Each structure stands twice: as C-alpha cells, then as structure tokens.
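Just follow the structure's listing: the first ligand is 1, and inside any ligand the first atom is 1. Predicted, not measured: the structure shown is a model, and the values here were computed from it.
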Amino acid sequence: MGKLDGKVALVTGAGGGLGRAHALLLAQEGAAVVVNDLGGARDGTGGSASMADAVVAEIKAAGGQAAADYGSVSDPAAARGMIQTAVETFGKLDICINNAGILRDKSFKNMTDEMWDVVVDVHLRGTYLVAKAAWDQMIAQGNGGRIINTSSTSGLIGNFGQANYGAAKAGIAGLTRVLALEGRKYGITVNTLAPAAWSRLTEDIMPEGMEARLAPEKVSPAVVWLCTDDAQNVSGRQFCAGSNRISLLSWQVDVIADKDATDEPWTVEEVGEKMLESIDSWPKLLKPMEV
Ligand code: NAI
C-alpha cells in the first residue's frame, strides 16, 4: 500500500533533477504521474521529448503509472494542456508540483531586460499559469487538492547575482501564501518548498564532492509527505529541504518602536534612536544550512 494510492499528480520540469526525483517517489507511493518537461537547456533554450519520456519509462519499468507532457509552463495553452493530460489519461488531478525552472544569473549591474523577463516568465508566470489551471480543475472536482510551489532561499533570503530569479522565487512564495488562504474552503493546501540539491542547475555553484550528500532524492520525501492525507492541515508554510534536513522558515516579528496610535508620529530622529539601539539584537538572515 502506497501513501498516495489512487491519487493523480502533475510534476512540472520532471525530466531531470528534483522534478524527476519527486515524480519517481510520487509514483512509488502509488500516484499516477504526469511527467512534464520542456526538455530544453539549463537556460531555457531549446526543447525535446526525450527528458520526459525517459522518466515516464523509468516509472513504468518500476511498475508505476505515468504519462509524458512536453509543454512549457509559461505558455497558457500548454499549462492547461498539462491538466488536460492528467484528466484524459488518469481521470482527475489531485496533486500539482510546480518545479520547472531555469537560470540566467548576472549581477544586477549587468542584468538585461531579456534575462529578467525570461526568468520571471518561467518561474513566476509559469507557476501562476499551472497553479491556476490545476486550481480550476481541483475546485470542479470538489475533493480538495495539494499544490507545492518551488521557491528558493535566493528569493526568501537573498543570493548574489540572482535578482531576476530571487524576485521570481519571492513572488512564488507570496502567491503561495495567498492561495493557502483562498484554498482553505476548498480543502486545497498550498505550500512553498525551497530545495537544495545537486542538479544541472546547481552543479557549478555547489561545493565539489557534495553530489551524494545533496542528491535530489533527499528532498523528495518532504514533498511527497505534503501530498498525503496526513498533511491536510499543513498549508501556507515555507519549507526548506536538502541533505536530509527539513526546515520550516517562519516569520519572526520584532517590534522596534511602539506607542499609542493616537499620539503624534515618531520623529525621524526618534526612529533612528530606536533602530540603532536594537540593531545588534535583530535576527541574522541565515540560510537553513548555516543554522
Ligand atoms: P533542473 O534544471 O535539473 O530541472 C529543471 C527542469 O525544468 C529541467 O528538466 C527543465 O527542462 C525544466 N524546464 C525548464 N523550463 C521549463 C518550462 N518552461 N516548461 C517546462 N519545463 C521546463 O534543476 P533543479 O535543480 O532540479 O530545479 C528544480 C526546481 O528547484 C527549479 O524551480 C529551481 O529553481 C528550484 N531550486 C533548485 C535548487 C537546487 O539546489 N537544485 C535550489 C533552489 C531552487
């Protein structure tokens, strides 16, 4: 008995890296999986059927159920087509993992409009388009659902040279929090995952010799658990997962200056005093692996 027997899942960008690992584990737990992948290069150029087909073959060889989809998440018709593939092949859609992604890193000084647009288009707009198509289908079915959107500490905390990517990934986290609130009445949970894994996207930025420690398979169990019935009350959360560590990234609210709202506004001088007297006790912006 798998934890996801009878469920139908879509994983975008599942032809390699993290998406492939998520798709294989979802199938191992009994879900029928639509394996989407554009099959292009790391920077989003090109496309082919081979990546999605290879993962579908792997799932089938292991005794699972899978279907391939080759559409781009940033194309509205293709995004709807992915959900259609799930419905036409397996009868419904219960789980949507928005994972597809590309990189065009540059310091902000050297960033071009084209580099900004293409990264925001695939990550933020692509997540929106697929989530929206999945949302409409899940509401029509009336049985709730699971959406997991892939963010990054680049967006949630910050990373040099990734202004386009970080902005898109922070946008995805914001979208997730709103959908979590709106999904409550439909039984749809929506969570954010910020992974850390060795893949073609990160192989030149991860420390050498970390390939096994940072295997994508060490991220997927957290994703798959969030798709189970046991996770029905977990929504609107930001999880980081990598190297067998799962962390919850939560907000800490520190009141720095406070007085009665009917009083006169603070002066700039007073604000400065409050800021400088507390600044050493502000929480540090640490990434989960630095804790
Ligand atoms: P990857 O490059 O191995 O996987 C991304 C997949 O998305 C590729 O197979 C690619 O063909 C597919 N893809 C790209 N554009 C597409 C489009 N328009 N439509 C459909 N498929 C498309 O990289 P990785 O590392 O597995 O990344 C997966 C996700 O995790 C991405 O969203 C990435 O930003 C995110 N992430 C990864 C981290 C890591 O440490 N590997 C860290 C933080 C976030």
Side-chain angles (χ1 to χ4, degrees), residues 10-24 34-55 68-79 81-82 85 96-105 117-130 133 148-159 162 164-173 176 192-207 210-211 213-220 222-223 238-243 245 249 287-289:
L10 162 68
V11 185
T12 68
L18 285 155
R20 171 181 165 274
H22 301 340
L24 290 173
V34 174
V35 176
N36 158 266
D37 206 292
L38 183 62
R42 177 176 115 144
D43 67 359
T45 53
S48 79
S50 59
M51 291 177 75
D53 284 347
V55 176
D69 180 283
Y70 317 112
S72 171
V73 293
S74 58
D75 171 357
M82 291 169 206
T85 303
C96 173
I97 316 282
N98 285 306
N99 163 83
I102 60 167
L103 282 181
R104 297 278 175 94
D105 292 357
D117 288 344
V118 73
V119 168
V120 172
D121 203 36
V122 170
H123 286 279
L124 183 54
R125 190 157 182 273
T127 298
Y128 152 69
L129 287 171
V130 177
I148 297 171
N149 294 329
T150 309
S151 182
S152 167
T153 53
S154 295
L156 301 174
I157 297 170
N159 205 24
Q162 294 195 316
N164 50 0
Y165 180 75
K169 289 304 203 186
I172 288 171
T176 304
T192 295
L193 170 81
W198 189 282
S199 72
R200 69 172 193 178
L201 213 60
T202 54
E203 60 191 357
D204 52 356
I205 47 179
M206 291 292 186
M210 296 286 278
E211 202 163 344
R213 293 176 69 93
L214 281 161
E217 289 73 18
K218 292 177 177 166
V219 174
S220 302
V223 174
Q238 302 180 154
F239 296 97
C240 302
S243 298
R245 173 177 285 185
L249 207 66
K287 296 189 179 177
M289 292 305 163

Check your understanding: Any N or O of W198 that comes nearer than 3.5 Å to an N or O of ligand 1?
Key -> no
Practice item. Show your reasoning for whether side chain to side chain contact (heavy atoms under 4.5 Å, CB included) applies to H22 and V219. Key: CA-CA 8 Å; H22 301 340; V219 174; 4.0 Å; yes
Point to revise | Identity of the nearest option to atom 42 (C) of ligand 1, non-hydrogen atoms only, from S152, P195, G242 | key: P195
Exercise for review: Ignoring hydrogens, just give me the one of V130, L129, T150, N36 whose non-hydrogen atom is nearest atom 30 (O) of ligand 1.
Suggested key: T150
Study note, to complete from the structure: Value for CG (L201) from CD1 (I102), rounded to nearest 0.5 Å, stands at 9.0 Å
Check your understanding: Of the backbone atoms (N, CA, C, O) and the side-chain heavy atoms from C-beta on, which set of S72 has a member under 4.0 Å from an atom of ligand 1: side chain, backbone, both, or neither?
Key -> both
Revision key, fill the gap. Ligand 1 to G17, heavy atom cutoff 4.0 Å, flagged ligand atoms 3 (O), 26 (O)
Review point. Is there at least one pair of N or O atoms, one from G15 and one from ligand 1, spaced under 3.5 Å apart?
Key: no
Check your understanding: Which distance, rounded to the nearest 0.5 Å, do you find between the CD1 of I172 and the OG1 of T192?
Key -> 8.5 Å
Point to revise | CZ (F239) with more than 12 external heavy atoms under 6.0 Å | key: yes
Exercise for review: Give a yes/no on ligand 1: does M51 have at least one heavy atom closer than 4.0 angstrom to it?
Suggested key: yes
Practice item. May I ask whether G71 places a heavy atom under 4.0 Å from ligand 1? Key: yes
Exercise for review: Between R42 and ligand 1, find which residue part has any heavy-atom pair under 4.0 Å and reply side chain, backbone, both or neither.
Suggested key: neither
Point to revise | Those atoms of ligand 1 less than 4.0 Å from some heavy atom in L18 | key: 25 (O), 26 (O), 28 (C), 30 (O), 37 (C), 41 (N)
**Study point:** Per-atom contacts of ligand 1 with Y165, taking only distances under 4.0 Å to non-hydrogen atoms
**Key:** 33 (C), 34 (O), 35 (C), 36 (N), 43 (C), 44 (C)
Exercise for review: Check whether any side-chain heavy atom of K169 sits under 4.5 Å from a side-chain heavy atom of T150, and report yes or no.
Suggested key: yes
Review point. For D69 and T85, does a side-chain donor sit closer than 3.5 Å to a side-chain acceptor?
Key: yes
Revision key, fill the gap. Note: V119 and L103 closest approach over all heavy atoms is CG2-C, 4.4 Å
Check your understanding: Which of these, V11, I102, D121, D37, has its nearest heavy atom closest to atom 11 (O) of ligand 1?
Key -> D37
Review point. side-chain hydrogen bond (donor to acceptor under 3.5 Å, both in side chains) between N149 and T127: does it pass, once the steps are laid out?
Key: CA-CA 7 Å; N149 294 329; T127 298; 5.3 Å; no
Review point. Quick one: does R20 get a heavy atom under 4.0 Å from ligand 1?
Key: no
Review point. Any N/O of L201 closer than 3.5 Å to an N/O of ligand 1?
Key: no
Practice item. Could you tell me which atoms of ligand 1, counted from 1 in the order shown, lie closer than 4.0 angstrom to a heavy atom of T202? Key: 39 (C), 40 (O), 41 (N)
Point to revise | Test item, A196 contacting ligand 1 (heavy atom, 4.0 angstrom) | key: yes
Check your understanding: Counting from 1, what ligand 1 atoms have a heavy atom of A197 closer than 4.0 Å?
Key -> 39 (C), 40 (O), 41 (N)
Exercise for review: Identify which one of L129, D121, N36, N98 satisfies the side-chain contact (heavy atoms from CB on, under 4.5 Å) criterion when paired with V73.
Suggested key: N36
Review point. For ligand 1, is G39 a contact, meaning one of its heavy atoms is under 4.0 Å away?
Key: yes
Revision key, fill the gap. If we number the atoms of ligand 1 from 1 as shown, the ones under 4.0 Å from a heavy atom of R200 are 2 (O), 3 (O), 8 (C), 10 (C), 11 (O)
Revision key, fill the gap. Of all heavy-atom pairs linking A23 and V35, the shortest is CB-CG2, 4.4 Å
Exercise for review: Report yes if the side chains of R104 and V122 come closer than 4.5 Å at any heavy-atom pair, otherwise no.
Suggested key: no
Point to revise | Heavy atoms from other residues, nucleotides or ligands near CZ of R200 exceed 12 (cutoff 6.0 Å) | key: yes
Check your understanding: Within the structure, does S151 bring an N/O atom to less than 3.5 angstrom of an N/O atom in ligand 1?
Key -> no
**Study point:** Euclidean distance, M210 CE relative to S243 OG, rounded to 0.5 Å
**Key:** 5.5 Å
Exercise for review: Please indicate whether any nitrogen or oxygen in V73 is less than 3.5 Å from any nitrogen or oxygen in ligand 1.
Suggested key: yes
Exercise for review: Mark up the atoms of ligand 1 that fall under 4.0 Å of a heavy atom belonging to M206, in ascending order.
Suggested key: 40 (O)
Review point. Do V55 and D37 touch side chain to side chain, with heavy atoms closer than 4.5 Å?
Key: no
Check your understanding: Of the choices G101, G16, A241, which has the non-hydrogen atom that lies closest to atom 5 (C) of ligand 1?
Key -> G101
Review point. Just distances here: any N/O of S74 and N/O of ligand 1 closer than 3.5 Å?
Key: no
